[in-house]
Amino acid sequence: MGLFVYKFGGTSVGTVERIQAVAHKVKAAHDNGDQIVVVVSAMSGETNRLTGLAAEIQKTPVAREMDVLLSTGEQVTMSLLCMALIELGCSAKSYTGGQVRIVTDNSHTKARIKRIDDKKIHDNLKAGTIVVVAGFQGMDEEGNITTLGRGGSDTTAVALAAALKADECHIYTDVDGVYTTDPRVEPNARRLDSITFEEMLEMASLGTKILQIRSVEFAGKYNVALRVLSSFSEGRGTLITYEEPAVEQALISGIAFNKDEAKLTITGVPDIPGAAFKILGPIADANIEIDMIIQNVADDATTDFTFTVHRNDLAAAKAILTSTSESLGAKSVTTDEKIVKVSIVGVGMRSHAGIASKMFEVFADENINIQMISTSEIKISVVIDEKYLELAVRSLHAAFDLDKEPAQ
Ligand code: ADP
Ligand code: ASP
Ligand code: MG
């Protein structure tokens, strides 16, 4: 008997039948004597549908109203799930994020949770009631509705698990765990029994959308036992763990990719001190996040400078860079949206040399041109033409034997 937070994603609650199936699953756990808090996403496609409606009215929708709009998706699911539970004879109550006092800062559409008042939930649980909370949303100090960014229901679930000191937080989704890479891209991807927080954090920040990055940060910070499982089948799923892997651990644990970035290049920049600051300063001032950067050495006293930003920020970044280019007397500004960043991740990299060269050998054999490279202790990322995404992921997967169980 314990206290569990179960989160069900959009596909898992995508139809009335699926909501009823979730109700059966929750009831079974409750009948078993466990206290259950359920966090739900909007029904699949709903958040996109609402975003589309807003876009028909405003090119850049007002963030406050966007949050009011988007939060309705989760509210629909929570009430339907409670009705399904009540039909099964359970006691169940639904609450919006604001109602259970998930207090956030006021950065609309990407708010951060500041604190949660767990009293109401605990009181309900003690009375034998199943509590269903709308994911992805909270309320700022002034009572305005806020949302936590795409995929934010994961973070609601982990934050509630931390606040309630739950025994485990289960993220139920449409795959039965975390795989070596996205099984939609590489059908030979293998489910991992466990993955370290450090690796999961890298995977999430490098584009693996199975868990929102903040949910992994939260779980790491507050020591929440986090497990990813399937809504549709039984199984142990994948445990996100602190445990360091065995010595014979695979060299890399997974491959992540990110299709959301775009590349900007400014050519013919005078090669003088301060140039990089003049180029990137105004971009940072506009609150645009820069990811990878390269500067080429040229021998005619000018240099080329390339960096990547989120695709949504490309137009704004290009406008800024064009004006910088004029003031610096640079030659040209070009952009490329057809890129993808592919990364290999693994704590095994720390103790093994030659992983980068092995990765580059795979690209050489497949004739894939590498445009940018960046490395850190447990990851190597490259930017390539997006048309090579599948080929790159599958070739790396095979070359690093990710389809095989690592030797024990
Ligand atoms: P939910 O709607 O339940 O939140 P998401 O779509 O956010 O589900 O996340 C599940 C999806 O993540 C899977 O359908 C899968 O295609 C994708 N995915 C990407 N990388 C991985 C990975 N390494 N392991 C498992 N799933 C992955
Ligand atoms: N409904 C939101 C989204 O689609 C939040 C979530 O599902 O986690 O991003
Ligand atoms: Mg998700």
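We count ligands from 1, going down the list as the structure has it; atoms in each ligand are counted the same way. Numbers for residues simply follow the sequence, beginning at 1.
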Do the side-chain N and O atoms of Thr241 and Ser194 include a donor-acceptor pair separated by under 3.5 angstrom?
no
Looking at every heavy atom in both Glu74 and Ser153, which two are closest together, and how far apart are they?
OE2-OG, 3.7 Å
Under 3.5 Å between some N or O of ligand 1 and some N or O of Arg184?
yes
Atom 3 (O) of ligand 1: which protein heavy atom is closest, and how many Å away?
Thr173 OG1, 2.7 Å
Heavy-atom closest pair, residues Thr303 and Gln295
OG1-CG, 3.5 Å
Which atoms of ligand 1 sit under 4.0 Å from any heavy atom of Lys7?
4 (O)
Is Lys379 salt-bridged to Glu198, going by a charged N under 4.0 Å from an acidic O?
no
In ligand 1, which numbered atoms sit nearer than 4.0 Å to a non-hydrogen atom of Thr181?
22 (C), 23 (N)
Can you name the atoms of ligand 2, numbered from 1 with element, that are less than 4.0 Å from a heavy atom of Ser153?
5 (C), 6 (C), 7 (O), 8 (O)
Which residue is it: Glu386, Lys387, Lys263? I am looking for the one with a side chain to side chain contact (heavy atoms under 4.5 Å, CB included) to Ile339.
Lys263
Would you call the rings of Tyr172 and His170 parallel, tilted or perpendicular, where under 30° means parallel and over 60° means perpendicular?
perpendicular
Answer yes or no: is there a side-chain heavy-atom contact under 4.5 Å between Thr77 and Phe8?
no
Mind checking whether Gly151 has an N or O less than 3.5 Å away from an N or O of ligand 2?
yes
Given the options Lys7, Arg112, Gln212, Arg214, Thr155 meets side chain to side chain donor-acceptor pair (under 3.5 Å) only with Gln212
Top protein contact for atom 7 (O) of ligand 1, by heavy-atom distance
Lys209 O, 3.5 Å
Residues Arg191 and Asp193 bridged, charged N to O under 4.0 Å
yes
Which of these passes side chain to side chain contact (heavy atoms under 4.5 Å, CB included) with Met78: Thr96, Val133, Val13?
Thr96
Indicate, as side chain, backbone, both or neither, the part of Arg191 found under 4.0 angstrom from ligand 1 when only non-hydrogen atoms are considered.
neither
Evaluate Asp182 for polar contact with ligand 1, using N/O atom pairs at a separation under 3.5 Å.
yes
Okay, side chain of Ser94, backbone of Val132: is any donor-acceptor separation there less than 3.5 Å?
no
Smallest heavy-atom separation, Ser374 atom then Met292 atom, equals N-CE, 3.5 Å
Just let me know how Glu74 lines up against ligand 2, side chain, backbone, both or neither, with a heavy-atom cut-off below 4.0 Å.
side chain
Grab the two heavy atoms, one from Asp154 and one from Ile210, that are nearest each other, plus how far apart they are.
OD2-O, 3.7 Å
Does any N/O atom on Ser41 come nearer than 3.5 Å to any N/O atom on ligand 2?
yes
Just wondering, more than 12 heavy atoms not from Lys278 lying within 6.0 Å of its NZ?
no
Of all the non-hydrogen atoms in the protein, which one sits nearest to atom 24 (N) of ligand 1, and at what distance?
Tyr179 N, 2.8 Å
Is Gly10 close enough to touch ligand 2? Criterion: a residue heavy atom under 4.0 Å from a ligand atom.
no
Please state which protein non-hydrogen atom is closest to atom 3 (C) of ligand 2 and give its distance, to 0.1 Å?
Arg150 NE, 3.3 Å
Please could you name the atoms of ligand 1 that Val175 approaches to less than 4.0 Å, counting only its heavy atoms?
13 (C), 25 (C), 26 (N)
Between Thr180 and ligand 1, does any nitrogen or oxygen pair lie at a separation below 3.5 Å?
no
May I ask you to identify, for Pro183, whether its side chain, its backbone, both or neither come under 4.0 Å of ligand 1 on a heavy-atom basis?
side chain
By number and element, which atoms of ligand 1 are closer than 4.0 Å to a non-hydrogen atom of Gly10?
2 (O)
Do any non-hydrogen protein atoms sit less than 4.0 Å from atom 20 (N) of ligand 1?
yes
Which residue and heavy atom of the protein sit nearest atom 26 (N) of ligand 1, plus the separation:
Ile210 CD1, 3.4 Å
Can an N or O of Val178 be found at a distance shorter than 3.5 Å from an N or O of ligand 1?
no
Just going by heavy-atom distances, which of Leu211, Val345, Asp174 is nearest to atom 13 (C) of ligand 1?
Asp174
Work out whether the distance between some heavy atom of Ser44 and some atom of ligand 1 is less than 4.0 Å.
no
